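See below for the structure under consideration.
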Amino acid sequence: MSAALAFAASIALLLCSLTAGFLFAFAVVVMPGLKTLDDAAYLRAFQVVDRVIQEGQPLFMVMWVGSVIAVLAALAMGLGTLTGLDRLVLLGASVLYLGGVQVPTAAINVPLNNRVQSLNIDEIDSGSLCEARRAFEGRWN
C-alpha cells in the first residue's frame, strides 16, 4: 500500500469514525431528549440544532464533507493499486458508508430538515404542529 493511499485511508477512517460518533450521539441522546418535548418545543429545538449545521458550522463541515472526499480519494487510489481481499474490503466499506450514511442523509434527512426549517412555529395551530412533527419524526429517525 502506498503512503498516499495509507494517508487517505487513515483520514477516511478518522472522519467516518467522527461521523459515526456524531450520528450515534444524535440517535441515543439528542433525538430521545427532544422526543420528551411538546410539539412546538420539539420542532423549535430541532430547528435550532439543525440551523447550526445548515449555516455551515466549520468543524461539522470538515467532518461530514471531508469524510466523503477522503473515502472517494482512498477508493480512487485503492481501486488502481489494491487487489484481492484488500480491494474488496475497500470497495465494500466505501459502498456501505456512502450508500448507508451519505445517500439516505441527502435523500431523506436533508429534505425533512428543510421542511422543518420552513415552519413558522409561532403562527401554526397545535393540530398542524402535531401533524408536522408526525410527518417528520418517524421518517427522520
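Since we're looking at a predicted model, the values are computed, not measured.
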Measure across [X] and [Y] and return the closest heavy-atom pair with its distance rounded to 0.1 Å.
| X | Y | value |
| --- | --- | --- |
| Ser67 | Gln102 | OG-NE2, 3.7 Å |
| Pro104 | Gly99 | CD-O, 3.2 Å |
| Leu79 | Arg87 | O-NH2, 3.0 Å |
| Tyr42 | Leu34 | CD1-O, 3.2 Å |
| Leu90 | Leu82 | CD2-CD1, 3.9 Å |
| Gln117 | Gln47 | NE2-O, 2.9 Å |

From [atom1] ([X]) to [atom2] ([Y]), nearest 0.5 Å:
| X | Y | atom1 | atom2 | result |
| --- | --- | --- | --- | --- |
| Arg51 | Glu55 | CZ | CD | 6.5 Å |
| Asp39 | Ser128 | CG | OG | 10.5 Å |
| Phe136 | Leu119 | CZ | CG | 10.0 Å |
| Asn141 | Asn109 | CG | CG | 9.0 Å |
| Cys130 | Asp38 | SG | CG | 11.0 Å |
| Leu5 | Ser10 | CG | OG | 9.0 Å |

### Task
List the steps and the verdict of side-chain contact (heavy atoms from CB on, under 4.5 Å) for Leu98 and Leu72.
CA-CA 9 Å; Leu98 297 171; Leu72 291 174; 3.7 Å; yes
Do [X] and [Y] sit in the same hydrophobic cluster, where Ile, Leu, Val, Met, Phe, Trp and Tyr count as joined when their side-chain heavy atoms come under 4.5 Å apart?
| X | Y | value |
| --- | --- | --- |
| Val62 | Val65 | no |
| Leu14 | Tyr97 | yes |
| Met31 | Ile108 | yes |
| Leu91 | Leu96 | no |
| Leu13 | Phe7 | no |

Would a 4.5 Å heavy-atom cut-off, applied to side chains only, mark [X] and [Y] as touching?
| X | Y | answer |
| --- | --- | --- |
| Val116 | Leu112 | no |
| Trp64 | Thr105 | yes |
| Thr19 | Leu23 | yes |
| Gln57 | Leu59 | yes |
| Phe26 | Val49 | yes |
| Trp140 | Asn113 | yes |
| Phe22 | Ile53 | yes |

### Message
Tell me whether Asp122 is salt-bridged to Arg44, with the criterion being a basic N under 4.0 Å from an acidic carboxylate O.
### Response
yes
### Message
Working note: Val29 + Phe24, criterion side-chain contact (heavy atoms from CB on, under 4.5 Å); need CA distance, chi angles, decisive distance, verdict.
### Response
CA-CA 8 Å; Val29 175; Phe24 180 77; over 6 Å; no
### Query
Which of these, Arg139, Arg134, Arg133, sits in a side-chain hydrogen bond (donor to acceptor under 3.5 Å, both in side chains) with Glu137?
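So, applying the side-chain hydrogen bond (donor to acceptor under 3.5 Å, both in side chains) to Glu137 and each of Arg139, Arg134, Arg133, only Arg133 qualifies.
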